[in-house]
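No experiment lies behind these values; they were computed from the predicted model shown.
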Amino acid sequence: MNDWQRKSPLDWETYVNKMVKVAAIEKHEYEGWVLTVDPVSASIVLATFLENEKVSISVVLGHAVQEVEILKEGDDEMKQRLSCIFAPEESKAYSTEEEEKRKNALKTWLETNHIPVTEQGESGRTLCVAGVLTIDPPYGPEECSSSNEIILSRVQGLIQGYLEKQQ
């Protein structure tokens with residue numbers, strides 16, 4: 001076990017959102033922004049920003065890490081960019097007000113088509129269809145969940161058709 005692997009998760013956390021240079025076995029070197037460190041394998045997940053807003057993700061396996069040198073601290077803007085890398089596109093696009101509009105429009109449309117729908121949860125953000133299917137924000141087909149695959153498939157199809165007509 002190397003020195004890197006002996007560190008604790010609290011030690012590794014100090015590297016998150018920082019630009020680092022990782023020296024690995026066989027004289028390999030990697031540079032990038034630390035997204036996270038896996039607490040089990042000590043593997044480092046690095047992000048490198050390319051042109052056209054594309055991101056390259058690389059993983060340096062924990063057993064191969066020999067030394068990690070911090071090159072630069074991340075500012076608030078960089079921390080925000082890093083935190084959004086794996087966020088779904090839909091969650092980035094809608095404000096609370098827009099989300100509420102989408103929920104109410106979908107609920108009204110379902111009720112108009114005689115599909116029983118209620119609001120669930122403390123804030124009423126989740127729609128429940130016929131007590132067997134839930135729809136979470138931002139209220140698209142991907143956010144539907146149900147143990148009944150037939151109902152799930154049909155409601156997803158209905159919502160997809162509804163969303164296509166809205167555009």
>> Show, in sequence, the C-alpha distance, side-chain angles and deciding distance for Leu163 and Arg102, and conclude whether the side-chain contact (heavy atoms from CB on, under 4.5 Å) test is met.
In response: CA-CA 10 Å; Leu163 291 174; Arg102 286 176 62 91; 4.1 Å; yes
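- Sorted by first then second residue, the ring pair (Phe, Tyr, Trp, His ring centres under 6.0 Å) pairs that include residues 96-129, not counting sequence neighbours, are Trp109-Tyr162.
- Cluster annotation: Val68 is not connected to Val59 through the hydrophobic network of ILVMFWY side chains, with a link wherever side-chain heavy atoms come within less than 4.5 Å.
- Evaluation of the salt bridge (charged side-chain N to carboxylate O under 4.0 Å, His left out) test over residues 63-81, restricted to residues two or more places apart or in two chains, returns Lys18-Glu73.
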Indicate every side-chain donor-acceptor pair of residues 22-38 with a distance under 3.5 Å to a residue at least two apart or in another chain.
unit_1, atom_1, unit_2, atom_2, d
Asp38, OD2, Ser41, N, 2.7
Asp38, OD2, Ser41, OG, 2.5

>> Set out, in order, the CA-CA distance, both residues' side-chain angles and the distance that settles side-chain contact (heavy atoms from CB on, under 4.5 Å) for Val155 and Ile151, then state yes or no.
In response: CA-CA 6 Å; Val155 172; Ile151 291 175; 4.1 Å; yes
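- Closest heavy-atom contact between Pro141 and Gln156: O-NE2, 2.9 Å.
- No continuous path of ILVMFWY side-chain contacts below 4.5 Å connects Val16 to Phe86, so the two sit in separate hydrophobic clusters.
- Within the structure, ring pair (Phe, Tyr, Trp, His ring centres under 6.0 Å) contacts touching residues 51-84 (residues at least two apart or in different chains) do not occur.
- In Ile150, the CD1 atom is not crowded: 12 or fewer heavy atoms of neighbouring residues, nucleotides or ligands sit closer than 6.0 Å.
- The stretch residues 158-167 participates, sequence neighbours left out, in no salt bridge (charged side-chain N to carboxylate O under 4.0 Å, His left out) pair at all.
- Taking CD of Gln160 as the start and SG of Cys144 as the end, the distance is 10.0 Å to the nearest 0.5 Å.
- Sorted pairs that involve residues 137-161 and meet ring pair (Phe, Tyr, Trp, His ring centres under 6.0 Å), not counting sequence neighbours, are lacking altogether.
- Tyr15 and Phe49 sit in two unconnected hydrophobic clusters of ILVMFWY residues. Membership requires side-chain heavy atoms under 4.5 Å apart, directly or through other members.
- Every residue was checked against the side chain to side chain contact (heavy atoms under 4.5 Å, CB included) condition with Ser147, not counting sequence neighbours, and none meets it.
- Of the possible donor and acceptor atoms, one in the side chain of Thr108 sits under 3.5 Å from a partner among the backbone N and O of Asn104.
- Interatomic distance, CD of Gln66 versus CG of Asn2, reported as 8.0 Å (0.5 Å rounding).
- Here the closest heavy-atom approach between residue Pro9 and residue Pro39 is recorded as CG-CB, 4.3 Å.
- Ala130 is linked by a side chain to side chain contact (heavy atoms under 4.5 Å, CB included) to Pro116, Val132, counting only residues two or more places apart in sequence or in another chain.
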Using distance only, find each side-chain donor-acceptor pair of residues 117-127 under 3.5 Å and give its atom names and separation, not counting sequence neighbours.
unit_1, atom_1, unit_2, atom_2, d
Glu119, OE1, Lys103, NZ, 3.2
Glu119, OE2, Lys107, NZ, 3.3
Arg125, NE, Glu99, OE1, 3.4
Arg125, NH2, Glu99, OE1, 2.6
Thr126, OG1, Asp136, OD1, 2.8

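- Cluster membership for Ile115 and Leu106, using ILVMFWY side-chain heavy atoms within less than 4.5 angstrom, is shared.
- Residue pairs that meet the salt bridge (charged side-chain N to carboxylate O under 4.0 Å, His left out) test with at least one member in residues 3-13, sequence neighbours left out, are Asp3-Arg6.
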> Could you go step by step and tell me if Val55 and Thr48 meet the side-chain contact (heavy atoms from CB on, under 4.5 Å) rule?
Replying inline: CA-CA 6 Å; Val55 180; Thr48 309; over 6 Å; no
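- Classified by interplanar angle (parallel below 30°, tilted 30° to 60°, perpendicular above 60°), the ring pair Trp4/Trp12 is tilted.
- Annotation: side-chain hydrogen bond (donor to acceptor under 3.5 Å, both in side chains) contacts of Thr134 (sequence neighbours excluded): Ser145.
- Looking at Val65 and Ile44, their side chains come closer than 4.5 Å, going by heavy atoms from C-beta outward.
- Within a 6.0 Å radius of CD in Gln166, more than 12 heavy atoms belonging to other residues, nucleotides or ligands are found.
- For the atom pair CG of Leu50 and OG of Ser56, the computed distance is 5.5 Å after rounding to the nearest 0.5 Å.
- Between atom CG of residue Leu133 and atom SG of residue Cys128 there is a gap of 7.5 Å, rounded to the nearest 0.5 Å.
- Taking Ile, Leu, Val, Met, Phe, Trp and Tyr as members and joining any whose side-chain heavy atoms lie under 4.5 Å apart, directly or through other members, Met1 forms no hydrophobic cluster with any other residue.
- The two atoms that bring Pro138 and Glu143 nearest to each other are CD-CD, 3.6 Å, heavy atoms only.
- Follow the hydrophobic side-chain contacts under 4.5 Å out from Ile85 and you never reach Val60; the two are in separate clusters.
- In this structure, Gln5 CD and Ser43 OG are separated by 8.5 Å, a value rounded to the nearest 0.5 Å.
- Atom CD1 of Ile159 and atom CG of Leu110 lie 6.0 Å apart (nearest 0.5 Å).
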